[in-house]
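One-based numbering, in listed order, for ligands and for the atoms of each. Below, all heavy atoms of this structure are taken into account, side chains as well, without hydrogens, waters or symmetry copies.
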Amino acid sequence: MVLLLGLSGCGADVEIAVGRMNPASAASGSGGEAGSGGGGGDGTISCDVLPSPTHRYTFDGVGDVVADLIGGADGAILGGASLDGGGGLTLDGEDDYVDLPAGLLAGLRDVTVMVWVVRDGEGSYPRIVDFGLASGGEDPVEGEGGVGTSYLVITPSTVFDVRGVSALASDSGVRGEVAIHAEPTLEDGEIHQVAVVFDGAAATLALYLDGALLGSEPVGFPLSGIQDVNNWLGRSQFDADPYFGGRYDELRIYREALAGCAVEAAWNAGPDRP
Ligand SMILES: [Ca+2]
Ligand SMILES: [Ca+2]
């Protein structure tokens, strides 16, 4: 029996008791009541059946190409790293990164970017995810002091008083940046799910860690304000930032603003599921 409480408020309440279930058990249970739930802008997202991602990267195989299992938007691994043959990709924190195709956010009102990673590195503002554009344009030369002009970012640590995992979004550089800062720095050697949700209808940015909401902030620009030309894992649009060191297990991009309970359900189900 699946306990479903107050699903009409699903998007605002991550304490909902969909708790430890996985999508398979929910589908066979009495979860039909969840149909009217929704945390996204249009209320079409239920909490017990996850939508299909638009892009999904499981980091399986070997070599230096990261395959998109759904959308055909394969990425190139640069800096000398390669897939480890065990379903992951480890970046060295020195110069490794993944360059995904431009335009992953094009035409979207909402997006959820969800990633499973193990951090193994230091520094402030390394980028687990950085989709955006730098002052140097597409594929800018490193070392020329480029800065981000628009971006959607997940970083495990910053330099603020609250200096842990953060989400950043901007359509106009640092000046127009919306930021959510939280405590955990992901330095425990464990695998973590981090998700950023840009809800264009509600005009909010939200950050989740291991299925739990860490914070939400209003956003004063549409997702189309972010020019996702340099869609990178491990590298920042800001030249001064360090590269991310750690292992990626999975990356998903949904064209919906997932409800909190849906993010939690994805965390409970785990990566590498069919
Ligand atoms: Ca390298
Ligand atoms: Ca994997």
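- For the ring pair (Phe, Tyr, Trp, His ring centres under 6.0 Å) criterion with Y151, the lone passing option out of F221, F238, F131, Y125 is F238.
- Inter-residue side-chain proximity for S157 and R119 is flagged as met; some heavy-atom pair is nearer than 4.5 Å.
- At distances below 3.5 Å, not a single donor-acceptor pair connects side-chain atoms of D171 with backbone N or O atoms of S150.
- For the Ca ion (ligand 2), the N/O/S atoms of E250 include none lying under 3.0 Å.
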Worksheet item: Can L152 and V129 be said to form a side-chain contact (heavy atoms from CB on, under 4.5 Å), step by step?
Response: CA-CA 8 Å; L152 181 64; V129 171; over 6 Å; no
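- Summarising the local packing, CD of E122 is surrounded by 12 or fewer heavy atoms from other residues, nucleotides or ligands at distances under 6.0 Å.
- Of the angles at the Ca ion (ligand 1), the one spanning OD2 of D92 and OD1 of D96 is 90° when given to 10°.
- The nearest N, O or S atom of D249 is closer to the Ca ion (ligand 2) than 3.0 Å.
- S166 places a side-chain N or O within 3.5 Å of a backbone atom of G164 that can act as its donor or acceptor partner.
- Taking 3.0 Å as the threshold, G87 counts as a candidate ligand of the Ca ion (ligand 2), since one of its N, O or S atoms lies below it.
- D95 contributes OD1 and G79 contributes O; the angle these two atoms make at the Ca ion (ligand 1) is 90°, rounded to 10°.
- Vertex the Ca ion (ligand 2), arms ending at OD1 of D272 and O of T58: the angle is 110° after rounding to 10 degrees.
- Among the backbone and side-chain atoms of Y248, no N/O/S atom is found under 3.0 Å from the Ca ion (ligand 2).
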